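Please read these numbers as outputs of a predicted model, since none were measured by experiment.
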Amino acid sequence: MTTSPYLEVRVRSAEGRDLDAVTRIYGHHVTTGTGSFEETPPERHEIKARFEAVRAVGLPYLVAELGGRVVGFAYAGLYRQRSAYRFTVEDSVYVDPDCMGRGVGRLLLERVVVGCGRLGYRQMLALIGDRGTDRSVRLHANLGFRHLGVQSAVGFKFGRWLDVVLMQRALGASGASLPDEDPLRPLRGG
């Protein structure tokens with residue numbers, strides 16, 4: 001559990017009881033913003049399936065609570081399914097609109113970064129929807145992500161073309177040495 005020095009925010013592993021709040025927060029971002037390229041908010045059963053898929057591979061899926069209310073969530077997912085990508089993850093962070101800009105996203109992302117490093121992952125990517133998502137770009141830059149480039153006009157939402165900002169951060173020993181163990185080895189039966 002982590003608490004913020006400037007908010008009474010508690011960060012913990014997500015549980016099934018949190019999925020209504022996760023569905024609500026994510027649905028808000030789908031319908032009002034360009035951080036997600038989904039156009040229709042997924043229903044709770046779909047959020048549950050996604051949650052279970054992240055947890056099935058042992059990656060962190062966290063929530064932030066303020067006064068006992070879930071006000072944000074973050075997780076890491078496998079970057080790609082092909083085996084050569086097995087040491088690379090991608091992060092996702094979403095915060096309740098009433099709590100944005102108050103450090104909640106930073107607390108969540110810090111914990112996801114640390115957790116993935118401890119699990120043996122070597123790189124984390126951020127694919128940030130819409131070049132205008134300055135808050136997310138700043139958050140990632142402040143946590144050591146470097147700007148790789150922009151995929152121009154790869155999404156279309158709200159009647160306009162959207163870019164994706166690519167950012168990357170090394171985890172642990174990054175690519176400086178060979179890995180000790182495959183993070184997915186227990187799942188592969190090895």
Side-chain angles (χ1 to χ4, degrees), residues 1-14 18 21-22 25-26 28-30 33-37 50-51 54-55 57-66 70-80 85-151 154-155 162-177 179 183-184:
M1 174 178 61
T2 302
T3 57
S4 166
Y6 36 90
L7 280 177
E8 292 299 319
V9 175
R10 176 178 176 237
V11 175
R12 62 171 173 77
S13 291
D18 302 316
V22 168
I25 292 167
Y26 185 64
H28 168 82
H29 287 279
V30 168
T34 55
S36 167
F37 279 21
R50 295 175 189 185
F51 166 74
V54 168
R55 297 302 292 265
V57 293
L59 286 164
Y61 198 120
L62 307 173
V63 294
E65 288 183 324
L66 178 61
V70 173
V71 295
F73 68 98
Y75 61 91
L78 298 175
Y79 173 60
R80 300 265 172 104
Y85 290 114
R86 69 188 173 277
F87 296 99
T88 303
V89 292
E90 178 183 345
D91 75 84
S92 292
V93 182
Y94 293 93
V95 176
D96 185 289
D98 295 334
C99 294
M100 290 174 62
R102 298 173 59 192
V104 174
R106 182 182 180 103
L107 285 173
L108 285 164
L109 185 54
E110 284 173 340
R111 285 278 303 274
V112 168
V113 166
V114 168
C116 289
R118 286 185 181 147
L119 291 169
Y121 291 93
R122 297 297 185 92
Q123 299 292 330
M124 182 174 285
L125 294 172
L127 283 72
I128 301 169
D130 194 16
R131 202 184 300 218
T133 316
D134 294 334
R135 230 178 228 172
S136 188
V137 170
R138 277 194 312 273
L139 167 64
H140 284 83
N142 288 338
L143 291 178
F145 285 76
R146 62 187 167 82
H147 187 270
L148 297 178
V150 174
Q151 295 174 319
V154 294
L162 302 174
D163 300 338
V164 171
V165 177
L166 302 171
M167 298 183 81
Q168 181 175 350
R169 178 200 160 113
L171 303 173
S174 73
S177 64
L184 297 174

(message) I'd like to check the side-chain contact (heavy atoms from CB on, under 4.5 Å) partners of Ala21; sequence neighbours left out, ordered by chain and number.
(response) Arg24, Val70
(message) Can you confirm whether Val63 sits close enough to Ser13 that some side-chain heavy atom of one is under 4.5 Å from a side-chain heavy atom of the other?
(response) no
(request) Report the distance from atom CG of Leu127 to atom OG of Ser92, rounding to the nearest 0.5 Å. (result) 9.0 Å
(request) Side-chain contact test, heavy atoms from C-beta onward, threshold under 4.5 Å: evaluate it for Cys99 versus Leu66 and give yes or no. (result) yes
(message) side chain to side chain contact (heavy atoms under 4.5 Å, CB included) for Phe145 and Ile128? Distances and angles first, verdict last.
(response) CA-CA 12 Å; Phe145 285 76; Ile128 301 169; over 6 Å; no
(request) Output the distance between atom CG (Asp96) and atom CD1 (Ile25), rounded to the nearest 0.5 Å. (result) 5.0 Å
(message) So, taking the atom named OG in Ser136 and the one named CE in Met100, what distance separates them when rounded to the nearest 0.5 Å?
(response) 9.0 Å
(message) Please enumerate all residues that pass ring pair (Phe, Tyr, Trp, His ring centres under 6.0 Å) together with Phe37, with sequence neighbours excluded.
(response) none
(request) Could you go through the side chain to side chain contact (heavy atoms under 4.5 Å, CB included) check for Leu171 and Val113 one step at a time? (result) CA-CA 7 Å; Leu171 303 173; Val113 166; 3.7 Å; yes
(message) Checking Arg80 now: which residues fulfil side-chain contact (heavy atoms from CB on, under 4.5 Å) with it, not counting sequence neighbours?
(response) Tyr85
(request) State, with a plain yes or no, whether a side-chain heavy atom of Leu62 is found less than 4.5 Å away from one of Val112. (result) yes
(request) Would you please name every residue forming a ring pair (Phe, Tyr, Trp, His ring centres under 6.0 Å) with Phe73, sequence neighbours left out? (result) Tyr94
(request) Please examine the side chains of Arg118 and Val114, heavy atoms only from C-beta on, and report whether any two atoms are closer than 4.5 Å. (result) yes
(request) List in chain and number order the residues that pass side chain to side chain donor-acceptor pair (under 3.5 Å) with Thr88, two or more places apart in sequence or in another chain; answer none if no residue qualifies. (result) none
(request) Please name the pair of heavy atoms, one in Val54 and one in Pro60, separated by the smallest distance, quoted to 0.1 Å. (result) CG1-O, 3.9 Å
(request) Please examine the side chains of Leu78 and Val57, heavy atoms only from C-beta on, and report whether any two atoms are closer than 4.5 Å. (result) yes
(request) Considering non-hydrogen atoms only, spot the tightest contact between Gly72 and Val104 and give its length. (result) CA-CG1, 4.5 Å
(request) Go through the structure and list residues passing ring pair (Phe, Tyr, Trp, His ring centres under 6.0 Å) with Phe87, not counting sequence neighbours. (result) none
(request) Find the distance between CG (Leu143) and CZ (Arg138) and round it off to the nearest 0.5 Å. (result) 13.0 Å
(request) Answer yes or no: is there a side-chain heavy-atom contact under 4.5 Å between Glu90 and Tyr75? (result) no
(message) Please report the interatomic distance CG(Leu139) to CG(Leu108), rounded to the nearest 0.5 Å.
(response) 9.5 Å
(request) Compare every heavy atom of Met124 with every heavy atom of Cys116, then report the nearest pair and how far apart it is. (result) SG-CE, 3.7 Å
(request) List in chain and number order the residues that pass side-chain contact (heavy atoms from CB on, under 4.5 Å) with Ala141, two or more places apart in sequence or in another chain; answer none if no residue qualifies. (result) Met167
(request) Using the salt bridge (Lys or Arg N to Asp or Glu O under 4.0 Å) rule, collect all pairs that involve residues 57-66, keeping only residues at least two apart or in two chains. (result) Arg10-Glu65, Arg12-Glu65
(message) Can you list everything that forms a side chain to side chain donor-acceptor pair (under 3.5 Å) with His147? Sequence neighbours excluded, please.
(response) none
(request) Output all residues satisfying side chain to side chain donor-acceptor pair (under 3.5 Å) with Arg122, sequence neighbours left out; order by chain, then residue number. (result) none
(request) Would you check if Asp91 and Val89 make a side-chain contact, meaning some heavy-atom pair closer than 4.5 Å? (result) no
(request) Determine the interplanar angle of the Phe51 and Tyr61 rings, folded into 0 to 90°, and report it as parallel if under 30°, tilted if 30 to 60°, perpendicular if over 60°. (result) perpendicular
(message) Could you check whether any side-chain heavy atom of Tyr121 comes within less than 4.5 Å of a side-chain heavy atom of Leu59, counting everything from C-beta outward?
(response) yes
(message) With rounding to the nearest 0.5 angstrom, report the CG to NE2 distance, Leu166 to His140.
(response) 11.5 Å
(message) If the condition is side chain to side chain donor-acceptor pair (under 3.5 Å), which residues does Tyr79 pass it with, not counting sequence neighbours?
(response) none
(request) Please name all residues satisfying side-chain contact (heavy atoms from CB on, under 4.5 Å) with Arg146, sequence neighbours left out, ordered by chain then number. (result) Leu148, Gln168
